[in-house]
Number of protein chains: 2
Amino acid sequence: MENTIKKILSLGLKEESLPKLLPLFEKAEFPKGHMLIKAGRTERSVYLLEKGIARAFCHKDDKEINFWLGAESNILLSYNSFFLNTPGYENIELLEDSVLYKISHNALQNLYLTDLELANWGRRLAESELIKAEECFIARQFKTAKECYEDFITTSPDILQRVQLGHIASYLGISQVTLSRIRAEIR
Amino acid sequence: MENTIKKILSLGLKEESLPKLLPLFEKAEFPKGHMLIKAGRTERSVYLLEKGIARAFCHKDDKEINFWLGAESNILLSYNSFFLNTPGYENIELLEDSVLYKISHNALQNLYLTDLELANWGRRLAESELIKAEECFIARQFKTAKECYEDFITTSPDILQRVQLGHIASYLGISQVTLSRIRAEIR
DNA sequence: AAGAAAATTTTACAAATGTTAAAAAACGAA
DNA sequence: TTCGTTTTTTAACATTTGTAAAATTTTCTT
């Protein structure tokens with residue numbers, strides 16, 4: 001669980017607190033296409049993606065729209081459902097055969113409410129996700145479709161190779177036709 | 001500091017912890033047009049907006065683009081700068097004469113690292129902002145400009161009255177001409 | 001109230017993106 | 001391989017949105 005531990009420690013958790021957290025994780029493997037999280041459910045787990053790729057999407061009318069795409073070392077959860085304990089609107093699907101580590105809401109909550117070091121780790125986790133979310137939002141407001149795609153190429157070249165373009169277009173907020181045009185233009 | 005306390009308690013802080021937190025806040029008043037936070041600075045304060053309206057914006061080429069707009073009971077900070085202790089890219093300007101409560105990074109950090117209850121409060125604060133940030137991002141991906149404006153009317157009718165339309169157009173990610181067209185269509 | 005300044009709307013045209021459908025290319029299973 | 005399916009690209013056209021500039025309305029000041 002190398003990727004998972006790397007992710008955990010990157011948020012400044014002290015090494016000595018690792019033994020409190022790690023035993024709560026449970027390894028889980030799922031095939032490509034598995035729906036890890038489904039809208040309408042109240043999700044009581046968080047996952048760390050050890051190996052694989054996942055997309056988060058919502059439904060707009062009859063279409064699916066991706067709003068997140070990520071590979072190894074990412075956290076998978078429905079913010080809305082997990083934090084507020086209500087049915088979520090997010091779906092998360094695995095786009096490759098994947099290995100994950102799963103931790104339950106209860107287990108995590110118990111740690112948070114009894115262990116200062118881990119409570120602060122959880123805070124930093126949320127803060128770092130918040131920075132990323134804001135950056136995504138701002139990038140979308142600032143940039144043309146072409147700029148967004150160019151950013152994507154440089155920040156996630158691996159995902160570009162491993163995921164079909166329709167998913168990437170949806171994630172970038174453009175139609176697949178537009179993405180094709182951009183790709184033709186750059187080439 | 002009614003609005004500020006309401007905001008603090010809404011995140012599930014126990015009443016008995018309030019006396020630890022409140023004395024750290026310092027009241028501050030600024031006139032309309034004051035730049036509370038400037039890009040390039042490393043910001044060491046968070047503000048709670050007791051009275052007034054603020055916008056957060058970045059520069060794109062020579063233009064300003066709003067990415068946040070809020071009134072009373074909102075938290076004002078540069079996520080990037082405050083959490084990571086680096087120069088931020090965000091600017092925050094007050095759009096009305098405003099009353100704020102200010103707390104320093106050091107004071108807050110001391111509390112977080114010594115008080116379990118407050119560390120968890122800080123975690124929930126970041127989590128709730130994260131949910132909002134994600135919702136904003138998704139809404140923008142999902143909705144047409146017209147739908148975004150209609151949402152804005154219903155969720156923030158007060159801001160619509162108090163802020164000029166150019167700022168709202170920028171926040172909605174559209175030109176002012178497009179906003180005018182939408183308004184003419186709805187009328 | 002009158003004039004100046006600022007904000008908003010309107011107009012005309014250009015550029016970007018979406019939709020639908022067809023063509024081409026890539027991929028997989030027998 | 002070869003056929004059939006899926007994915008990607010291309011084409012044609014419609015729609016949306018942006019830009020620049022002018023017209024109008026609102027706001028502020030004297």
Side-chain angles (χ1 to χ4, degrees), chain A residues 31-33 53 55 57-67 69 93-97 138-153 156-187, chain B residues 31-33 53 55 57-67 69 93-97 138-153 156-187:
Chain A
K32 175 174 177 169
I53 290 197
R55 70 175 178 120
F57 65 95
C58 294
H59 286 278
K60 159 85 168 181
D61 307 328
D62 56 339
K63 283 177 216 155
E64 295 178 352
I65 300 187
N66 294 339
F67 62 87
L69 209 50
E93 179 190 358
L94 300 174
L95 299 179
E96 293 180 349
D97 295 345
I138 292 176
R140 194 59 56 82
Q141 186 123 335
F142 262 55
K143 296 182 181 177
T144 62
K146 189 175 166 187
E147 288 172 318
C148 287
Y149 176 65
E150 285 168 338
D151 286 355
F152 188 82
I153 293 177
S156 312
D158 51 322
I159 296 185
L160 188 62
Q161 296 308 316
R162 291 155 69 186
V163 168
Q164 63 195 50
L165 291 174
H167 282 316
I168 290 168
S170 171
Y171 169 64
L172 294 175
I174 57 179
S175 71
Q176 186 165 353
V177 175
T178 298
L179 179 56
S180 253
R181 280 194 276 242
I182 290 169
R183 285 163 57 84
E185 194 184 345
I186 287 176
R187 198 186 321 136
Chain B
K32 174 174 177 170
I53 289 196
R55 72 176 177 118
F57 67 95
C58 294
H59 286 278
K60 160 85 167 178
D61 306 327
D62 56 339
K63 284 178 215 157
E64 295 177 351
I65 299 187
N66 295 338
F67 62 86
L69 209 49
E93 180 190 359
L94 301 174
L95 300 178
E96 293 181 347
D97 295 345
I138 293 176
R140 194 59 58 81
Q141 187 123 334
F142 262 55
K143 295 182 182 178
T144 62
K146 188 175 167 187
E147 288 171 318
C148 287
Y149 177 64
E150 284 167 339
D151 286 354
F152 188 82
I153 292 176
S156 313
D158 51 323
I159 296 184
L160 189 62
Q161 296 309 316
R162 291 156 70 187
V163 169
Q164 62 194 52
L165 291 173
H167 282 316
I168 292 169
S170 170
Y171 170 65
L172 294 174
I174 57 180
S175 70
Q176 187 166 352
V177 174
T178 299
L179 179 55
S180 254
R181 282 194 274 242
I182 291 169
R183 285 163 58 83
E185 196 184 342
I186 288 177
R187 196 187 320 139

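Every value quoted in this text rests on a predicted model; they were computed, and no experiment measured them. All chains are named by letter (A, B, ...) in the order of the sequence lines, taking the proteins before the strands, and each is independently numbered beginning at 1.
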remark   = Heavy atoms of A/Cys148 and A/Ala139 approach each other most closely as SG-O, 4.3 Å
key: Test log, rule side-chain contact (heavy atoms from CB on, under 4.5 Å), inputs B/Ser170 and B/Phe57   = CA-CA 9 Å; B/Ser170 170; B/Phe57 67 95; over 6 Å; no
[atom1] of [X] versus [atom2] of [N]: gap in Å, rounded?
X: B/Arg162; N: D/dT27; atom1: CZ; atom2: C1'; result: 19 Å
X: A/Leu95; N: D/dT7; atom1: CG; atom2: C1'; result: 15 Å
X: B/Gln141; N: C/dG18; atom1: CD; atom2: P; result: 11 Å
X: A/Glu185; N: D/dA11; atom1: CD; atom2: C1'; result: 17 Å

key: Atom pair NZ (B/Lys60) and CD (A/Gln141), whose distance is rounded to the nearest 0.5 Å   = 11.5 Å
Taking only N/O atoms, report every protein-nucleotides 14-20 of chain D pair under 3.5 Å with atom names and distance.
from	atom 1	to	atom 2	distance (Å)
D/dG18	OP1	B/Ser175	N	3.3
D/dG18	OP2	B/Ser175	N	3.1
D/dG18	OP2	B/Ser175	OG	2.9
D/dG18	OP2	B/Thr178	OG1	2.2
D/dG18	N7	B/Arg181	NH2	2.7
D/dG18	O6	B/Arg181	NH1	3.3
D/dT19	OP1	B/Lys63	NZ	3.4

Test side-chain contact (heavy atoms from CB on, under 4.5 Å) applied to A/Val163 and A/Tyr171, step by step = CA-CA 11 Å; A/Val163 168; A/Tyr171 169 64; over 6 Å; no
Report yes if some heavy atom in the side chain of [X] is under 4.5 Å from a heavy atom in the side chain of [Y]; otherwise report no.
X: A/Thr178; Y: A/Leu172; answer: no
X: B/Leu95; Y: B/Leu69; answer: yes
X: A/Ser156; Y: A/Asp158; answer: yes

Sidechain-backbone polar pair: A/Gln176 side chain, A/Leu165 backbone, donor-acceptor under 3.5 Å = no
ask   = For A/His167, does its backbone N or O pair with a side-chain atom of A/Glu64 as donor and acceptor, under 3.5 Å?
value = no
query = Of the residues in residues 163-171 of chain B, which ones touch DNA chain C at a heavy-atom distance under 4.0 Å?
reply = B/Gln164, B/Leu165, B/Gly166
inquiry  = Report for the helix from C/dA1-D/dT30 to C/dA30-D/dT1: angle between first-end and last-end helix axes, five pairs each, rounded to 10 degrees.
reply    = 50°
key: Derivation of the side-chain contact (heavy atoms from CB on, under 4.5 Å) call for B/Phe142 and B/Glu147   = CA-CA 9 Å; B/Phe142 262 55; B/Glu147 288 171 318; over 6 Å; no
